[in-house]
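The structure under discussion appears below in the form of structure tokens.
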Amino acid sequence: MSGSITDREALIDGKAFSADVRQRVAAQVANLKEQGITPGLAVVLVGEDPASEVYVRNKGIQTREAGMNSYEHKLPADTTQEALMALVAQLNADKAVHGILVQLPLPGHLDAEAVLNAIEPAKDVDGFHILNVGLLATGQKAMVACTPLGCLMMLRDRLGDLAGLNAVIVGRSNIVGKPMAQLLLRDSCTVTIAHSKTRDLGEVCRRADILVAAVGRPGMIPGDWIKPGATVIDVGINRIEEGGRTRLVGDVDFDSARAVAGAITPVPGGVGPMTIACLLANTLTACCRAAGLPEPEGLTA
């Protein structure tokens with residue numbers, strides 16, 4: 001059918017898009033270095049969670065590939081709240097560090113909220129500080145959470161002007177759902193935040209020109225919930241077992257959704273690669289702001 005996702009070009013290729021973002025970041029970092037300025041990203045890992053260790057290692061590799069300085073701080077699992085807060089204070093005061101990221105989840109004895117809110121808001125490249133959340137909600141300049149920023153970049157690239165489009169976000173988390181809604185409101189979409197307890201959720205989804213799924217339930221959204229021609233951004237990353245093997249799937253049932261969607265992100269290979277790319281973009285933005293230079297074009301909200 002016309003407009004269906006039978007053609008490869010209707011897939012939103014997050015790997016290719018994130019590679020382009022990283023190249024743009026690297027080019028602007030090279031320009032900054034000619035002026036004697038090198039953006040620096042500090043990542044703090046507490047404990048030995050295997051998934052977090054892989055993620056932090058990948059962040060370090062991509063940070064250095066972009067020409068930035070990478071500062072990695074690995075702390076033992078029994079690190080005290082006081083010691084972690086002291087490290088954050090040290091990084092806040094370090095002018096070579098423009099972005100600070102504390103890898104979540106933290107061990108259970110640590111107060112993650114207190115740690116995140118101790119980060120200098122201007123260096124909060126994850127966009128989780130309460131001040132940045134408030135600035136975003138009131139339409140002011142903020143550091144924006146990486147995953148929603150990546151989704152916004154892909155939507156702008158695919159659709160151009162978003163003004164007037166109906167956007168439905170399934171999921172109300174502080175990390176994705178709520179900031180995604182604020183970003184789409186800023187781009188003049190008509191925004192609905194839905195969730196697992198929304199009445200007649202399927203009918204709500206069918207009204208969406210833009211559907212963002214971020215609820216954390218594998219295959220929760222079937223194809224018949226999707227408006228023909230809609231753009232679907234699947235943020236879900238769910239690990240399921242099939243025939244003794246595990247594989248990653250999204251919150252959208254991809255096979256049925258691709259028959260009606262105008263464009264869709266796959267899982268894996270869609271939104272996921274954009275998160276680290278936008279972390280680098282945020283670090284570049286934070287560096288430019290700290291130096292009083294113009295913000296990087298096309299890499300901010």
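Note that the structure is predicted; figures quoted are calculated from it, not measured.
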Original post:
Could you walk me through whether I221 and V170 pass the side chain to side chain contact (heavy atoms under 4.5 Å, CB included) check?
Top reply: CA-CA 9 Å; I221 298 174; V170 185; 3.9 Å; yes

**OP:** For the pair T63 and V43, evaluate side chain to side chain contact (heavy atoms under 4.5 Å, CB included) and give the outcome as yes or no after the intermediate values.
**Re:** CA-CA 11 Å; T63 301; V43 178; 6.0 Å; no

**OP:** Kindly determine whether L293 and I37 satisfy side chain to side chain contact (heavy atoms under 4.5 Å, CB included), including the steps that lead there.
**Re:** CA-CA 11 Å; L293 297 171; I37 302 169; 4.0 Å; yes

**OP:** Applying salt bridge (charged side-chain N to carboxylate O under 4.0 Å, His left out), run through E72 and R64 and close with a yes or a no.
**Re:** CA-CA 12 Å; E72 296 177 16; R64 291 185 289 273; 3.5 Å; yes

**OP:** Carefully, step by step, assess C287 and L32 under the rule side chain to side chain contact (heavy atoms under 4.5 Å, CB included).
**Re:** CA-CA 9 Å; C287 179; L32 285 177; 4.1 Å; yes

**OP:** Might you work through the salt bridge (charged side-chain N to carboxylate O under 4.0 Å, His left out) test for E295 and K141, ending with a clear yes or no?
**Re:** CA-CA 11 Å; E295 296 189 9; K141 186 183 293 185; 3.3 Å; yes

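In this structure, T283 and P39 approach most closely via the heavy-atom pair CG2-CB, 4.4 Å. Pairing each heavy atom of N92 with each of K123, the nearest pair is O-NZ, 2.8 Å. Heavy-atom minimum distance, K227 versus D209: NZ-OD1, 2.6 Å. Listed here is the closest heavy atom pair of D234 and D251: OD1-N, 2.9 Å. The minimum heavy-atom distance linking I240 with P218 is given by the pair CG2-CB, 4.0 Å. Considering all non-hydrogen atoms of both residues, R207 and N166 come closest at O-CB, 3.5 Å.
For the pair R158 and I12, the minimum side-chain heavy-atom distance is below 4.5 Å. You'll find the side chain of V97 reaches within 4.5 Å of the side chain of I100, heavy atoms only. Side chains of C288 and P296 form a contact here, defined as non-hydrogen atoms less than 4.5 Å apart. Proximity of I61 to E65: side-chain heavy atoms (C-beta onward) are separated by under 4.5 Å at one or more points. Using a 4.5 Å cut-off on side-chain heavy atoms (C-beta onward), M154 and M274 make contact. A heavy-atom distance below 4.5 Å is not found between the side chains of L41 and N69. Between I233 and I264, the closest side-chain pair of non-hydrogen atoms is not below 4.5 Å. Between L248 and N238, every side-chain heavy-atom pair lies at or beyond the 4.5 Å cut-off.
I237 and V232 fall into different hydrophobic clusters, where Ile, Leu, Val, Met, Phe, Trp and Tyr side chains are chained together by heavy-atom contacts under 4.5 Å. L106 is connected to F128 through a chain of hydrophobic side-chain contacts under 4.5 Å among Ile, Leu, Val, Met, Phe, Trp and Tyr, so both are in one cluster. Both L165 and M180 are members of a single hydrophobic cluster when ILVMFWY side chains are connected at heavy-atom separations under 4.5 Å. I130 and V88 fall into different hydrophobic clusters, defined by Ile, Leu, Val, Met, Phe, Trp and Tyr side-chain heavy atoms under 4.5 Å apart, directly or through other members. Cluster membership for L45 and L280, using ILVMFWY side-chain heavy atoms within less than 4.5 angstrom, is not shared.
A distance-only check finds no donor-acceptor pair linking the side chain of H195 to the backbone of S173 [under 3.5 Å]. Under a 3.5 Å cut-off, the side chain of T198 and the backbone N or O of L201 do not form any donor-acceptor pair. A donor-acceptor pair under 3.5 Å is formed between the side chain of D94 and the backbone N or O of A96. With H98 contributing its side chain and G40 its backbone, the two residues share a donor-acceptor pair below 3.5 Å. With hydrogens and angles disregarded, no donor-acceptor distance shorter than 3.5 Å links the side chain of N282 to the backbone of A286. Between the side chain of D187 and the backbone N or O of C189, no donor-acceptor pair lies under 3.5 Å.
Using a 3.5 Å distance cut-off with no hydrogens or angles, the side chains of T147 and T275 do pair a donor with an acceptor. D253 and S256 share a donor-acceptor pair across their side chains, judged by distance under 3.5 Å alone.
In this structure, E48 places its CD atom where only 12 or fewer heavy-atom neighbours from other residues, nucleotides or ligands lie under 6.0 Å away. Annotation for E297: atom CD does not count as buried by contact number, only 12 or fewer foreign heavy atoms lying within 6.0 Å. Counting non-hydrogen atoms of other residues, nucleotides and ligands closer than 6.0 Å to CZ of R156 gives a total above 12.
Here the NZ atom belonging to K74 is positioned 11.0 Å from the OG atom belonging to S52, to the nearest 0.5 angstrom. In this structure, I226 CD1 and R258 CZ are separated by 12.5 Å, a value rounded to the nearest 0.5 Å. For the atom pair CD of Q62 and CE of M68, the computed distance is 11.0 Å after rounding to the nearest 0.5 Å. Separation of atoms CG (L155) and CD1 (I210) is listed at 5.0 Å; rounding is to 0.5 Å. One finds the CE atom of M85 at 14.5 Å from the CD atom of Q90 (value rounded to the nearest 0.5 Å). With rounding to the nearest 0.5 Å, the separation of CZ in R217 from OG in S196 is 4.5 Å.
Between R289 and E120 there is no salt bridge, since no side-chain N of the basic residue sits under 4.0 Å from a carboxylate O of the acidic one.
If you run side-chain contact (heavy atoms from CB on, under 4.5 Å) between L152 and each of D157, V144, L162, only L162 comes through.
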